Amino acid sequence: MTILDIIEKKRTKQELTTEEINFFVQGFTEGSVRDYQMSSLLMAICLNGMTDRETFDLTNAMLHSGDIVDMSELDKIVCDKHSTGGIGDSTTLALAPILAWCGVYVAKMSGRGLGFTGGTIDKLESIPGFDTSLSEQEFFDVVKKVGCCVIGQTANLAPADKKMYALRDVTGTVQSIPLICGSIMSKKLASGSDVILLDVKYGSGAFMSTKEEALELAKKMVEIGTRAGKKVGALITDMQQPLSDHVGNALEIIGIIDVLDGKQNRLYHELKEVAVRLLVLSGKCKTREDAVCAFDYAIESEGALNKFAEMVKAQHGDSSYILHPEKFQLGQTHKVLAQSSGYVTGMNAADIGRAVTLLGGGRMTKEDVIDFSVGVVMSVEIGSKVEKGDTLCTIYHNDKNLATAEQMLQNAIFIGDTQPEPHKIAYAFVSKDGVELY
Ligand code: URA
């Protein structure tokens with residue numbers, strides 16, 4: 001077997017065997033398959049696709065390219081949640097303390113942001129002292145003590161994905177359902193949780209631009225996870241506008257604190273749906289009604305907010321910032337005003353993320369240093385009525401690229417005469433039992 005045979009086979013739309021898939025994933029991880037060969041194969045997969053069997057084998061080969069976390073020493077069900085990425089998506093960080101307070105463990109390994117989407121680990125590091133690189137034993141100890149812990153991904157978790165993703169990013173091969181499935185599910189299965197909720201986003205700030213594509217991806221990932229023996233569900237959710245009204249690192253922590261304190265915005269509603277689904281999927285709550293009650297009580301009692309402060313303290317962060325968010329140092333403010341009256345008819349969510357990156361709140365290369373104090377706070381959402389001169393959003397900045405970011409934000413928030421239909425937070429839920437539409 002040679003890599004050339006495998007490339008030619010995929011180029012001519014033939015199905016690869018399990019051995020051939022193991023061969024190229026292992027060879028690429030070890031270095032015997034070269035970048036140029038892998039680029040060519042990735043493009044052939046992108047153009048000609050993979051069968052469900054090939055996609056499962058690809059995931060399996062990527063999963064076994066590195067360590068698989070063994071969570072058997074934890075004495076409760078462990079839940080994980082993965083978002084395919086978006087703008088102002090801080091659901092994970094609000095979810096972990098809610099589930100922990102309800103009695104379900106969340107032991108989560110997250111990533112950093114690159115390009116226009118933010119990363120959970122960067123957001124956490126905006127809390128002074130917060131340590132995202134605990135050892136595996138410390139990680140388990142915090143989970144047992146607090147119920148939740150969020151750290152960065154360990155170096156040897158699905159290393160095949162790290163190398164393949166870096167190459168996909170620069171060869172135009174990110175947009176491929178089998179490759180996205182392999183990438184996400186290999187990491188999720190390697191992280192060792194029992195229950196996984198996938199949040200598959202569609203819209204202008206997401207990898208999948210339509211609901212239909214997002215649904216196809218969700219069905220395949222649920223099938224792979226179920227086949228691997230996990231309890232898996234997927235929500236298809238809207239990413240046509242930032243999820244939280246706070247976008248940026250420290251700002252998103254402030255947005256989470258608002259929601260844990262009872263503010264009911266888009267982030268709150270999505271968080272509630274994700275939490276309720278996980279409480280039922282994990283078996284912690286027997287019915288949806290029980291799960292809704294558990295969620296409501298976690299917020300009303302301030303149990304989840306205190307649990308968040310407890311997690312921050314256990315991970316060496318200054319938990320006084322959680323109870324007193326006014327302590328976060330933020331940049332100077334600058335308001336972006338509506339140039340005309342009408343309704344907000346839509347947004348370019350990706351450009352809102354790009355504006356935050358330009359202000360210094362994200363990175364274009366892995367080496368860039370993030371300014372935690374910058375970002376954007378939205379004053380409107382799709383459907384809002386605005387008068388000329390109203391504030392659309394407030395920029396927090398430190399004089400970097402302010403004019404360009406302001407122009408980008410003006411262009412990213414569309415104002416027209418007709419009030420649009422209200423945007424649903426979730427479009428569908430996918431489980432092994434099928435698809436439920438909202
Ligand atoms: N997120 C991932 O982790 N991998 C992909 O391929 C796309 C989104």
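First listed ligand is number 1; within each ligand, the first listed atom is number 1. What you are looking at is a predicted structure, and each value in this text was computed from that prediction instead of being measured.
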J.: Would you indicate which of A158, S176, S83, S183 comes nearest to atom 4 (N) of ligand 1 when only heavy atoms are counted?
T.: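 Minimum heavy-atom distance to atom 4 (N) of ligand 1 goes to S183.
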J.: Are R266 and D238 close enough for a salt bridge, meaning some N to O gap below 4.0 Å?
T.: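 Result for this pair is yes, salt bridge flagged.
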J.: Does I180 reach ligand 1, in the sense of a heavy atom lying below 4.0 Å from it?
T.: yes
J.: I need the nearest protein heavy-atom contact for atom 3 (O) of ligand 1: residue, atom name and distance, please.
T.: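 Scanning the protein heavy atoms, the shortest distance from atom 3 (O) of ligand 1 goes to K187 NZ, 2.5 Å.
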J.: Any idea which atoms of ligand 1 are less than 4.0 Å away from a heavy-atom of Y165?
T.: 4 (N), 5 (C), 6 (O), 7 (C)
J.: Considering both backbone and side-chain atoms of H82, is one of its nitrogen or oxygen atoms within less than 3.5 Å of a nitrogen or oxygen in ligand 1?
T.: no
J.: Under a 4.0 Å threshold between the charged nitrogen and the carboxylate oxygen, would D75 count as salt-bridged to K144?
T.: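 No, K144 and D75 are not salt-bridged.
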J.: Is a salt bridge present between K10 and E54, judged by a nitrogen-to-oxygen distance below 4.0 Å?
T.: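 Salt bridge between K10 and E54, a charged N being under 4.0 Å from a carboxylate O: yes.
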J.: Counting only heavy atoms not in K313 (residues, nucleotides, ligands), do more than 12 fall under 6.0 Å from its NZ?
T.: no
J.: Within a 6.0 Å radius of atom NZ on K284, are there more than 12 heavy atoms belonging to other residues, nucleotides or ligands?
T.: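 Open.
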J.: Under a 4.0 Å threshold between the charged nitrogen and the carboxylate oxygen, would E223 count as salt-bridged to K432?
T.: no
J.: Of the choices I184, D169, L179, which has the non-hydrogen atom that lies closest to atom 1 (N) of ligand 1?
T.: I184
J.: With atoms numbered from 1 as shown, which atoms in ligand 1 lie under 4.0 angstrom from a non-hydrogen atom of R168?
T.: 6 (O)
J.: Atom 8 (C) of ligand 1: which protein heavy atom is closest, and how many Å away?
T.: F207 CE1, 3.3 Å
